[in-house]
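A short worksheet on the structure shown next.
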Amino acid sequence: MSERIEKTVREMLNEEKWTRAALSAYSTDKFKELDKIIAEAKKESYLDGLKQLCDEHLSHTKNSIIALYIASIISLSKQLLDDSTLVTLINIFIDNHKTQIVTHLCNRVLDYGDSKLALRTLAEIYKAAGNEEIYDIWERLIKIDYDETEIPRLLAEKYEQDGDLEKAIEYYKKSLYRLIVQKQGTAIKEVWSKLVELIPEDIDFFYREQKKISEKIGEGRGGLLMQEVYVYYKKNEDWQTCIDILKLILEYNEKDTWARKEIIDCFKQRYADHSQLEEYLKISNISQSWRNIFEAIADFEKHISFDEGNYVFHRTWGVGRIAKVDNDDLLIDFVKKRGHTMGLKMAITALQTLDKDHIWVLKSTMKRDELAAKVKKNPEWALKVIIRSFDNNCDLKRVKQEIVPSLLTPGEWTSWNTKARKILKESTDFAANPSNIDFYTVRSRPVSIEEKLANEFKAQRNFFARIEILNTFMDNGDTDSDTFRDMFTYFNNFLKAFNQVDEQVISAYLVVTKVATAFAHLQVDKVYNFAGLYEQISDPSAVYAGIKDKALKAEFLQKIKNLIPDWSDEYIKLFPVILSLDILNTLIEEGFEEKVKKLVEECFENYSDNREAVIWLFKNIGNEAWFQELNIDYARQIIVLIHILDITYREIANKRNTTENRRINKQVLGVLFGKDALLENFILDCDEDTVTRFYTFINDIVDLDPKLKMQLRNKILEKYKDFKFFDTEEKTVTARGLIVTAKMLEAKKKELQEIIDIKIPENSKEIGKALELGDLRENAEYKAAREEQTRLNNMVTRLQEEIERAQVFDPTATTIGKVSFGTIVELKNHTSGENEVYTILGPWESNPEGGVISYMSPLGTNLLNHKKGEKLSFTISEDEKIYEILNISAAEI
């Protein structure tokens, strides 16, 4: 079939060459015929051969329409970057005014994705024809051509004319972003004025953009533009915003006499009702040109905050309210000191002024129950109040400090904190502090999603958290903005210089490749080859483990499969870290089943180095047909898991990789001793010899919980009544030392520590106080304290001796073949005729009324080492006792 295609195309090329076909001979139908040939070549996997044929023809016949078209379309279908043949082809028909064919060619190109050449060409054609479709083309064009500044403005004007102000504003903003980047000052002012007309209330936007303008074009340009915004707020009598804008303008030029005059007028309007306004303006010398304007403003604002009805805070007297101002004297009612008089100079130094909605003021003026209820019901309101109370810059640690336990209990804080974190993350009324991700500010107007994410990106120090923010921006933000470009540049910079290819470099490559593919206007500074980067990785497993983004992990694996020649070997090396059934299935489907089998066998053979892999394999592939063909029977798998358990216990005891070993240890315990009782069920299905072997393995694990060993022993005894546990059957309790339970030993140690650390020091204080009372002969307090001192010292001596002698009983050593420590004995008392039940433990645990007796007691001593069915006769305190042992069982210790 491919031979027929080649023959057909050769004949077409030769005919075109020898007949010198005129351009008029070409029509859209002719190109559609060529499309059918390309489709057939694709079906026959002959695209490369067909392109090579056309490229050879173009080497000596450079303007062959057929060869240019076929080569261009194949290049597009393969996403090849060289578009020289496409440019030549389109220009040929443009030069010959074949508009219909040019339109067809451009639309054919766009079938494979957006192209600057095709879109610009179509835009010119539609513009000349007055075709309304030009606006759709323009919208597509500016998404890939970030240098275009005129078209966004034209689109904005069009949508404004149509009454779609939302889209008009969007495109005016795009135009402004691009004009700033290209430093087109005059055009910037025109678009700025239009945006001031449309969205004057978006003050945060203007603050942000004026800063960029000043940085790009020159200091002061941003300030001049802000004068337009100032006019709007002055007209609307928003005096505080006017003051803030004027401060900004003065930062650019502190000698700006217009701004100085305006800020004085704004202060007069802002504090028109203040009793000392004129006096404080005079004191600050704010109107005098010789006074530094910012010092004058600071001086004025310090004084103006002290007025009747305002709130203040003193570190000793707490919150206060200014009751009266009389020249330089203030009368203040503090919570802890009412009617206090203070001079103004002293007040400025000693007091902190508070807004009426400061959290401290609310705590002082509202009933606790009312305020607590409001905080619980409305976490967003509470967050705003507290954050604003502390210079509009506050973290959750400070929030907790203000409301726990004064308004919320520690238990209530837990759920409240969860709600608060969600609000801070999702609400556009809050923004992260760009300098510290843990601190938040409250916005006077909702922050845009772009700015919120930009602030979080700047404040965030974690590399992979920044990737998450970038992905969120791609889904929700304006990817045409310079903010998005800045984020992209951050990752692109990782690829400019690095000493070693690690998880961050690889992740940066994957992110940059993904973003640059999706957004053509973002250019990668250098083309990096994945295979070249991968070759420099010293430990691919560590890199994979270090990638903290699930999608990037998957992309990393896909790149390995697609671009690394010996990918199957790399997958085998990575499996112990990846632990994915998809990886094994992919290898098997691609014909590498033998490699997979060898991998699994090596994991079980070298289980010490592949612990997590063994656990995963045991849990996930036991039913796979190919696994059952291996020489790894179920018993061997269980033995390997027991050995891993033993290794982890020993390494934990030696403090080696403690965290990792604890995690693996927990996994194995869950498998062997979990709710499915896997080990127990397996052992009980075996013969006695196998039971003995496996129990020996378990019993040899020194640090395994004794309760687990005891439970397993009891289950074995239920099935095999006469089963012999050679490790314990011959053990008997001796009088050497003091046999105790681990729980009681810990209790006695705590008791000893409490006496030493708390009771003895308290007793010493009591003796000291008693000495201060004088005559020791008649001093009852002193005598009582000294007696207590003697008693405590005796207790310390006794406890220390007992603890030194203590031997912790191993519950796994319990044998129900004889009465011993840790058994429950059911007796027939032939003297009274009644049945009696006793638990045999030590003197520390002894509680005769509760049926617990010490093995060292007279009764306990006489019962020890006797078996079920035996009759005993002995004398205790001159009373003859006759007992028959009816049953012996293990106690729960």
Side-chain angles (χ1 to χ4, degrees), residues 240 243 267 270-277 279-280 283 298-410 412-413 416-417 420 429-430 433 439-442 444:
Q240 186 56 56
I243 290 167
F267 278 140
R270 170 76 172 80
Y271 300 106
D273 297 330
H274 197 288
S275 61
Q276 304 294 316
L277 172 63
E279 179 65 19
Y280 291 161
I283 291 173
D299 197 5
F300 171 77
E301 289 182 333
K302 266 185 191 177
H303 284 78
I304 204 69
S305 59
F306 291 94
D307 196 17
E308 291 180 11
N310 287 1
Y311 291 92
V312 293
F313 176 80
H314 188 277
R315 62 188 179 191
T316 301
W317 304 321
V319 174
R321 186 172 184 270
I322 301 174
K324 186 178 180 181
V325 178
D326 185 7
N327 293 322
D328 285 344
D329 292 324
L330 307 178
L331 181 66
I332 307 171
D333 290 327
F334 289 102
V335 172
K336 299 179 182 179
K337 189 174 185 179
R338 300 185 66 82
H340 180 76
T341 302
M342 183 179 290
L344 179 60
K345 289 184 178 179
M346 175 60 73
I348 290 173
T349 303
L351 301 179
Q352 175 185 345
T353 57
L354 303 177
D355 292 332
K356 63 182 179 180
D357 55 356
H358 193 289
I359 186 63
W360 296 347
V361 173
L362 296 180
K363 283 182 179 181
S364 300
T365 58
M366 288 182 68
K367 292 181 179 179
R368 182 199 173 279
D369 291 345
E370 291 179 4
L371 182 57
K374 192 167 185 179
V375 168
K376 291 175 191 175
K377 184 178 179 180
N378 195 339
E380 183 168 348
W381 171 83
L383 285 169
K384 288 180 178 178
V385 165
I386 297 171
I387 292 172
R388 283 176 174 147
S389 295
F390 300 100
D391 297 325
N392 201 21
N393 186 39
C394 183
D395 64 355
L396 281 170
K397 187 182 294 185
R398 184 57 188 262
V399 172
K400 181 179 182 181
Q401 182 181 328
E402 291 302 323
I403 62 178
V404 178
S406 58
L407 300 174
L408 300 180
T409 66
E412 290 171 333
W413 164 260
W416 193 93
N417 181 41
D429 286 342
F430 299 91
N433 183 325
F439 282 72
Y440 295 89
T441 61
V442 182
S444 56

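Since this is a predicted model, take the numbers as computed values, not measurements.
For K363, the side chain to side chain contact (heavy atoms under 4.5 Å, CB included) partners are I359, L371, E402, S406, L407, not counting sequence neighbours. Partners of D355 by side chain to side chain contact (heavy atoms under 4.5 Å, CB included), not counting sequence neighbours, listed by chain and number: D357.
N433 is not listed as a side-chain neighbour of Y440, based on a closest heavy-atom distance of 4.5 Å or more. In this structure, I322 and D307 have side chains that are not in contact, with every pair of non-hydrogen atoms separated by 4.5 Å or more. Between N417 and K400, every side-chain heavy-atom pair lies at or beyond the 4.5 Å cut-off. Here the side chains of L383 and L396 are in contact, with some heavy-atom distance below 4.5 Å.
What you find for T441 and N392 is that their closest heavy atoms are CG2-O, 2.9 Å. The shortest heavy-atom contact between A272 and L277 is CA-CD2, 4.3 Å.
Ring geometry for Y280 versus H303: interplanar angle of 30 to 60°, hence tilted.
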Apply side-chain contact (heavy atoms from CB on, under 4.5 Å) to residues V399 and F390 and explain how you reach the verdict. CA-CA 10 Å; V399 172; F390 300 100; over 6 Å; no
Would you sort out whether D328 and K345 count as a salt bridge (charged side-chain N to carboxylate O under 4.0 Å, His left out), showing the intermediate values? CA-CA 8 Å; D328 285 344; K345 289 184 178 179; over 6 Å; no
For W360 and T365, what are the C-alpha separation, side-chain angles and deciding distance, and is it a side-chain contact (heavy atoms from CB on, under 4.5 Å)? CA-CA 9 Å; W360 296 347; T365 58; over 6 Å; no
How far apart are the C-alpha atoms of V375 and V385, what are their side-chain angles, what is the distance that settles it, and do they pass the side-chain contact (heavy atoms from CB on, under 4.5 Å) test? CA-CA 10 Å; V375 168; V385 165; over 6 Å; no
Start with the C-alpha distance between F306 and L344, add both sets of side-chain angles, then the distance that settles side-chain contact (heavy atoms from CB on, under 4.5 Å), and finish with yes or no. CA-CA 8 Å; F306 291 94; L344 179 60; 4.1 Å; yes
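Taking a cutoff of 4.0 Å between a charged side-chain nitrogen and a carboxylate oxygen, E370 and K374 do not qualify as a salt bridge.
Distance check, rounded to the nearest 0.5 Å: NE2 of H274 to CD1 of I304 gives 4.0 Å. One finds the NZ atom of K324 at 12.5 Å from the CG atom of D333 (value rounded to the nearest 0.5 Å). The line from OG1 of T349 to CE of M342 is 9.5 Å long, rounded to the nearest 0.5 Å. One distance of note links OG1 of T341 with CD1 of I332; it measures 8.5 Å at 0.5 Å rounding. Atom CG of L408 and atom CD1 of I403 lie 4.5 Å apart (nearest 0.5 Å). Distance check: F300 CZ to I283 CD1 gives 10.5 Å after rounding to the nearest 0.5 Å.
Counting non-hydrogen atoms of neighbouring residues, nucleotides and ligands closer than 6.0 angstrom, the CG atom of D326 exceeds 12 such neighbours. The number of heavy atoms from other shown groups lying within 6.0 Å of CE (M346) does not exceed 12. Other residues, nucleotides and ligands contribute more than 12 heavy atoms inside 6.0 Å of the CZ atom of R398.
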Which pairs of donor and acceptor atoms, one on a side chain in residues 310-320, lie under 3.5 Å apart (sequence neighbours left out)?
unit_1: N310; atom_1: ND2; unit_2: S305; atom_2: O; d: 2.7
unit_1: H314; atom_1: ND1; unit_2: T316; atom_2: N; d: 3.0
unit_1: H314; atom_1: ND1; unit_2: W317; atom_2: N; d: 3.4

